[in-house]
Structure formats: C-alpha cells, structure tokens
Amino acid sequence: MEDKRPKVLLTEDNPGDVRLIQEMLAEAGVPFDLECADRLSAGLEHLAEGGIALVLLDLGLPDSMGFDTFIRVHKQAPQVPIVLLTILSDEALGVKAVQEGAQDYLIKGQLDSNLLVRACRYAIERKRAEETLRESEEKYRSLFENMLNGFAYCKILVDENNQPIDFIYLEVDDIFEKLIGLRKEDVIGKKFTEVFPSIKESALDRISIYGKVALTGERTEFDIYFEPIEKWMTISAYSPEKGYFIAVFEDITERKRAEEQIRYQANLVENVSDAIISSDVNFNILSWNKGAETMYGWREDEVIGKSIVDVTKMEYPYDRMEEVMEQFFKTGYWKGEVIQKRKDGTILNALASVSLLKDSSGNPVGDVAINHDITEHKQAEEKERELQVLREVDGLRSQLLANISHELRTPLTSIKGFVSTLLRTDAQWSEEEQRDFLQTIDQESDRLTRIISDLLDMSRIEAKALKLDKDNYQISEILDSVSSSLASLTERHQLQVIVPPDLPPVFVDLMRIGQVLTNLVENAAKYSPEGSEITIETQLAGDQVIVSVTDRGQGIAPELLPRVFDRFYQAESIATGRKSGTGLGLSICQGILETHDGRIWVESKLGEGSKFSFSLSVGKGE
Ligand code: ADP
C-alpha cells in the first residue's frame with residue numbers, strides 16, 4: 001500500500017558517511033527516500049518544508065557542534081523522530097539525547113544495512129504511536145478538565161442487618177472539590193455524616209438511596225437542594241461493584257434559578273386580572289391565563305388551539321379587520337377597544353393591546369394580547385348617555401307643553417276678545433264691523449282646529465299609532481286628490497307641475513301623502529313672494545320616486561336647516577314677521593314619511609329659495 005516511501009533527512013557533512021548510508025539503504029532495497037543536508041541550517045530548512053518522517057542526525061556539523069545540534073533540530077520539529085549518528089566515544093551523548101526525546105542513536109562504524117533500516121523504521125513507528133497516545137491523552141485531559149460534573153467514589157456502610165447507615169468517601173475529583181467547596185483531604189476516608197454533620201435530617205434519606213444503589217446495583221438520578229453549600233444538584237449514582245457507588249454531581253443552580261424566574265413570571269401572568277392570551281400566526285390560541293378564564297368564562301383546555309376570533313366572538317373591530325391587520329403587521333402593535341362575547345353570550349367590552357411576536361430572524365411567530373375588561377365602564381357611560389337623553393326628553397316635554405299652551409292660547413285669546421267685544425252692551429257695531437269680527441273668530445277657530453289636528457297627528461306619530469291605508473297610486477292621482485287645496489294655496493303664485501309620463505305607481509296612504517304635499521306647497525307659498533314660481537317636480541331614482549317642491553322665496557339660513565324638521569320649530573319670520581303656522585307641519589311630514597319608510601330633506605339658499613324633497617317606494621305587484 002506504500003507507494004510513497006517515508007522521507008528520511010540525513011544531516012551529515014562527511015561525504016563518506018553519506019555514501020555509506022546510501023549504499024546500506026540501497027542494499028536493503030531502498031525503503032526510504034533519502035534527502036541530505038551537510039549543514040544544520042540546510043537541515044532545518046528541509047524540516048521547515050515538512051514531510052520529513054525521520055531525521056538521521058550527525059551531531060558534529062560545520063555550523064553546529066555537539067548536543068546543541070540535537071536540541072535545535074528537536075525544537076524545530078518536536079513531532080519528527082530523530083535518530084543520532086554518533087561515534088563510539090560520544091555514546092554518552094546519544095544516551096542523553098534519547099532521554100531528552102530522541103528515538104535512538106546509532107554508532108558509526110558499527111552500522112550495517114539491517115540495523116540501520118530497522119532502527120529507522122522502529123523510530124518512525126514508535127514516534128507515531130507516542131504521538132497518537134499524546135493526542136488522545138490530550139483529548140481526554142481537556143474533556144476531563146472541561147467536564148463540569150463532580151465525581152465521588154464511595155463505599156456504603158451497613159449495620160448488622162445489612163441496612164445502610166452511612167458511607168465513606170474513597171475518591172473524589174477536582175470538580176467535586178470545587179462544587180462542594182471542601183478539599184480532598186477533608187473528604188477522602190471520611191464518613192458522609194462526618195463531612196456534613198449539619199444535614200442530619202435528610203442524611204438518612206440520602207444514605208438509603210445510595211445504599212440501594214450500592215447494594216442492588218440499580219442506577220438512580222435525582223435533583224436535590226444541597227443546603228450546606230446552597231446549591232441545586234442533579235446527582236446520578238451507579239454501582240461499579242457491590243457495596244460501592246459512584247455519585248456524579250452536576251450543578252444545576254443556574255438552571256433552577258432560571259426555572260424559578262420563569263415560574264415566577266408565569267405566576268405573575270396567571271394572577272393578573274387582565275386576560276393574557278398568546279396565539280400563533282394563524283391566531284390560534286397557545287396560552288390563556290386565569291384572567292382570561294375569569295373574563296371570558298372559557299377554561300384554558302377548552303380554547304387551546306382554537307381561533308381567538310371564534311372563541312371571543314369578536315364583533316368589533318371584526319368589520320374593519322383588514323385595516324387593523326395592516327397596521328398591526330406594519331407597526332407590530334395594535335391597541336384599541338374590542339367588543340366580544342363571553343361564554344354565556346353576554347357582551348364584553350375590552351381594551352386590547354396586541355403585540356406581534358417575532359423570531360430571531362424577524363419573522364412573525366404569533367402575538368400576545370392583553371385585554372382589560374372595560375364593560376362596566378362602558379355600561380356606566382351608556383347609562384350616563386341614556387340619562388342625558390332622558391333629561392333632554394324631559395326638557396323637550398316641558399318645552400312642548402309650554403308651546404302647546406301658548407299655541408292654543410293665542411287664537412283662544414283672540415276669539416275670546418272678539419266675542420267679548422261683540423257682546424258689549426255699551427257699544428254699537430256696524431254690520432260691516434260685526435262681520436269683520438266674526439270672520440276673525442272664524443279664522444281663529446280654524447287655526448285652533450288645525451293646531452289640535454296637528455297635535456293629534458303628532459302624538460299618533462310619536463306613539464307610532466299612525467294608521468296608514470296604503471295602496472298603489474300614480475303620482476298624478478295624489479296630485480288630483482289635493483288639487484283644489486293646492487290651487488287655493490297658490491292663488492297668488494305660479495304653480496308648475498312636472499310629472500314624467502311613465503312613472504310607476506307608489507305604494508302609499510293617499511290622504512297622508514296628500515297632506516305632506518299640501519304642507520310643503522303651503523310653506524312654499526307662505527315663505528315666498530306673491531307672483532313667484534312654485535314647482536312640483538317628480539322623478540324616478542332607482543326604486544324610489546322623488547317628489548320635490550321648489551320655491552323662489554326667502555330661503556333658509558344654513559345653520560337653521562337642520563332644525564326645520566324639529567317640532568314647533570319656527571324661524572323668526574324675517575321678512576313679514578308673521579307666524580301663521582304651528583311649527584309642527586314639517587315634523588309631521590317627516591313622521592308620515594318615516595312610517596312610509598321614506599325620507600324628507602331640504603336644500604336651500606338664503607334669498608334664493610328652498611327645495612323640499614321626499615322619497616317614496618315604488619309600488620309592489622300590481
Ligand atoms: P310652520 O307651521 O311654521 O310653517 P313648519 O314645520 O311647516 O312650521 O316649518 C318650520 C319652519 O321651517 C318654518 O317656520 C319656517 O321658518 C321654515 N320653513 C319651512 N318651509 C319653508 C320654506 N319653503 N321657505 C323658507 N322657510 C321655510
């Protein structure tokens with residue numbers, strides 16, 4: 001298998017000796033490649049190039065003499081075997097060199113081919129074996145030195161009944177010394193109870209455990225807090241021979257502390273009243289603390305692995321989840337109010353803080369949410385809002401009563417005044433005057449009737465008791481039904497009606513929608529100058545018919561627009577100062593349309609006019 005012959009470096013300045021050796025090797029069938037150097041410096045260069053299996057070294061060279069030659073070569077390449085070539089009178093030097101690490105020495109003049117080759121081979125082999133041994137020794141030493149486990153070899157002591165009562169330390173290692181903090185000489189040959197007199201209590205337990213190991217040969221392993229040295233250890237014990245045991249100690253104090261820390265933190269998480277929930281990237285629950293159990297009513301084992309969205313029946317912000325998710329993945333955090341449900345179906349309001357969890361390379365691995373229950377707070381807020389509404393309603397009611405009394409009193413006062421005037425005996429009224437008074441009384445009575453009928457409508461609408469008699473009608477039929485009222489209302493205006501020919505019928509109460517239309521036209525006439533145009537326009541928009549009444553009157557100030565549909569709302573009449581209505585008309589219109597599932601709205605520009613529109617659903621069926 002050796003097609004490559006070992007390289008031998010011959011360091012010899014005597015050409016005769018060189019030739020002799022070359023010949024001897026040739027005689028043996030040239031088992032080595034021979035390289036020659038006639039000076040130490042040349043020899044060292046060869047060595048530095050590497051690949052030399054053996055140095056045949058003459059100690060007397062031109063640039064180095066005696067033992068020093070060996071020292072320098074050996075120092076340069078301690079792993080390369082050296083065989084010295086000495087003369088008989090220098091044999092002592094050869095012996096000394098062997099003591100210092102040379103493999104062998106050969107005496108010039110006593111050499112033959114066999115001896116030379118054998119000495120060379122032997123030196124190479126022996127050096128190789130030594131190297132291997134050294135390497136493995138080194139390996140084991142470093143292994144041993146780096147081993148953190150202490151070691152004690154002990155003999156168990158038994159009483160007359162063969163019951164273990166103590167043990168003696170026979171051997172311990174350096175780590176044991178370090179771990180336990182006692183010197184070998186204070187331990188070896190001593191009994192356990194002597195070495196640790198303070199641990200009487202647990203000593204018996206320990207002795208019986210080791211006793212069992214030593215007497216039965218069963219291995220064991222246990223964790224123990226070793227009080228005298230305040231350390232946690234894992235001890236594994238086995239028996240190499242009956243009656244003896246070896247205990248291997250591992251210091252696990254750090255690990256125990258870390259575990260303690262984790263347990264402490266876990267305990268903390270368990271005991272806060274907030275829900276702390278962790279989930280994986282798919283929002284499946286990984287952990288669910290006690291706080292979450294109390295808050296949601298689900299036990300941890302009921303929810304692990306399930307989707308957090310399903311378990312908490314997230315209602316909000318479920319509808320805008322995409323937006324929330326986008327922010328969450330962008331910033332790694334989301335905080336906000338959520339509306340969820342407990343196990344029993346009741347609503348839970350919570351303030352959630354959710355953090356994205358990432359692994360060391362930055363990839364999301366899940367999230368942890370801390371949810372704080374704010375249901376009670378929300379309910380209190382809700383109650384406060386309801387109270388506020390009630391207060392407002394109460395205020396409105398008083399205002400309504402005041403308004404009604406006022407509205408009723410005005411015409412009544414007027415009627416009463418004229419009637420009293422007519423009844424006066426001390427005054428004479430012409431026929432014309434009497435007619436005038438009676439006309440006013442008539443008008444005021446009408447006004448009273450109108451107010452009372454408006455109030456009745458209003459209260460029916462409020463009580464949701466407005467009965468509708470709905471049917472399919474063409475818009476033109478509705479217009480026809482109120483045409484005479486419209487004509488008289490717009491006597492002094494130009495009424496224009498635009499109805500496209502193919503409008504579908506609407507499904508309405510004819511009388512009530514007629515009332516709305518009349519009311520709007522009446523307002524249009526009331527709040528626009530004589531002679532101006534009033535337009536009724538209808539058009540189809542999807543499944544709705546839109547009817548609008550436009551005037552070219554005073555218009556409504558933008559800030560008042562939202563209030564015109566309020567009950568009793570009447571703008572201070574700008575131009576005329578007259579206040580002929582009740583302020584109920586538009587709110588009744590709105591009520592009527594709401595009961596028709598329709599809508600009423602207004603667009604207006606001050607000084608240009610107003611456009612009131614309402615929508616009606618297209619009729620169903622025929
Ligand atoms: P009123 O009986 O006073 O007309 P409404 O409820 O019908 O009561 O109207 C409420 C208020 O809305 C009116 O007092 C008036 O100020 C304003 N308003 C209604 N219609 C018009 C309109 N076409 N142009 C200008 N103002 C209007």
Side-chain angles (χ1 to χ4, degrees), residues 396 399-400 402-411 414 443-444 446-462 466 482 485-486 488-497 512-537 546-595 598-614:
L396 276 176
Q399 195 198 340
L400 196 71
N403 277 329
I404 292 170
S405 325
H406 174 77
E407 292 298 330
L408 291 174
R409 184 164 296 136
T410 316
S414 169
Q443 277 172 4
E444 291 300 319
D446 282 350
R447 188 157 137 84
L448 259 186
T449 313
R450 165 80 187 276
I451 293 170
I452 288 168
S453 102
D454 275 3
L455 280 173
L456 274 174
D457 280 350
M458 196 67 237
S459 67
R460 282 196 197 106
I461 289 168
E462 294 258 293
L466 191 70
V482 289
S485 313
L486 296 187
S488 73
L489 285 169
T490 54
E491 258 173 2
R492 302 193 182 119
H493 290 81
Q494 300 174 45
L495 182 66
Q496 213 192 340
V497 181
R512 289 297 181 187
I513 296 303
Q515 184 184 348
V516 171
L517 202 53
T518 317
N519 208 310
L520 293 182
V521 172
E522 186 184 354
N523 280 351
K526 209 159 54 173
Y527 300 105
S528 65
E530 284 185 17
S532 66
E533 206 172 80
I534 295 172
T535 313
I536 300 177
E537 205 176 346
I546 313 285
V547 183
S548 52
V549 178
T550 311
D551 65 58
R552 310 226 177 276
Q554 64 191 56
I556 304 164
E559 68 275 14
L560 302 180
L561 271 182
R563 298 187 49 201
V564 294
F565 296 101
D566 288 356
R567 282 174 308 196
F568 292 110
Y569 176 76
Q570 288 184 293
E572 304 289 318
S573 195
I574 315 164
T576 58
R578 94 198 137 164
K579 221 174 160 191
S580 56
T582 60
L584 284 173
L586 285 178
S587 57
I588 291 170
C589 290
Q590 190 177 42
I592 291 172
L593 281 157
E594 273 168 11
T595 47
R599 222 161 57 78
I600 183 166
W601 65 99
V602 58
E603 298 146 87
S604 182
K605 256 201 181 141
L606 210 53
E608 287 183 19
S610 311
K611 180 179 183 183
F612 282 83
S613 311
F614 61 89

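In each ligand, atom 1 is the first atom listed, and ligand 1 is the first ligand listed. Owing to the predicted nature of the structure, the values given are computational and were not obtained by experimental measurement.
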Could you tell me whether the side chain of Leu486 reaches within less than 4.5 Å of the side chain of Ile536, counting heavy atoms only? yes
Pairwise salt bridge (Lys or Arg N to Asp or Glu O under 4.0 Å) hits with a residue in residues 527-536, at least two apart: Glu533-Arg552
Please report whether ligand 1 has a polar contact with Asp551, defined as an N or O pair separated by less than 3.5 Å (distance criterion only). yes
Would you say the side chain of Arg447 lies within less than 4.5 Å of the side chain of Glu407, judging by non-hydrogen atoms? yes
What pairs with Glu444 under side chain to side chain donor-acceptor pair (under 3.5 Å), at least two apart in sequence or on another chain? none
Short N-O contact, Arg512 and Asp457, less than 4.0 angstrom: yes
Closer than 4.0 angstrom: is that true for some heavy atom of Phe612 and an atom of ligand 1? yes
Tell me, please: is Ser610 in heavy-atom contact with ligand 1, that is, under 4.0 Å? yes
Nearest non-hydrogen contact with atom 26 (N) of ligand 1 belongs to which option: Val521, Thr550, Ile556? Ile556
Considering distance alone, does some N or O of Asn523 sit under 3.5 Å from an N or O of ligand 1? yes
Beyond-backbone contact of Ile461 with Thr595, side-chain heavy atoms, under 4.5 angstrom: no
For Lys526, the atoms of ligand 1 under 4.0 Å from one of its heavy atoms are 1 (P), 2 (O), 4 (O)
Atom indices of ligand 1 within 4.0 angstrom of Val564 heavy atoms, with elements: 10 (C), 12 (O)
May I ask you to identify, for Leu520, whether its side chain, its backbone, both or neither come under 4.0 Å of ligand 1 on a heavy-atom basis? neither
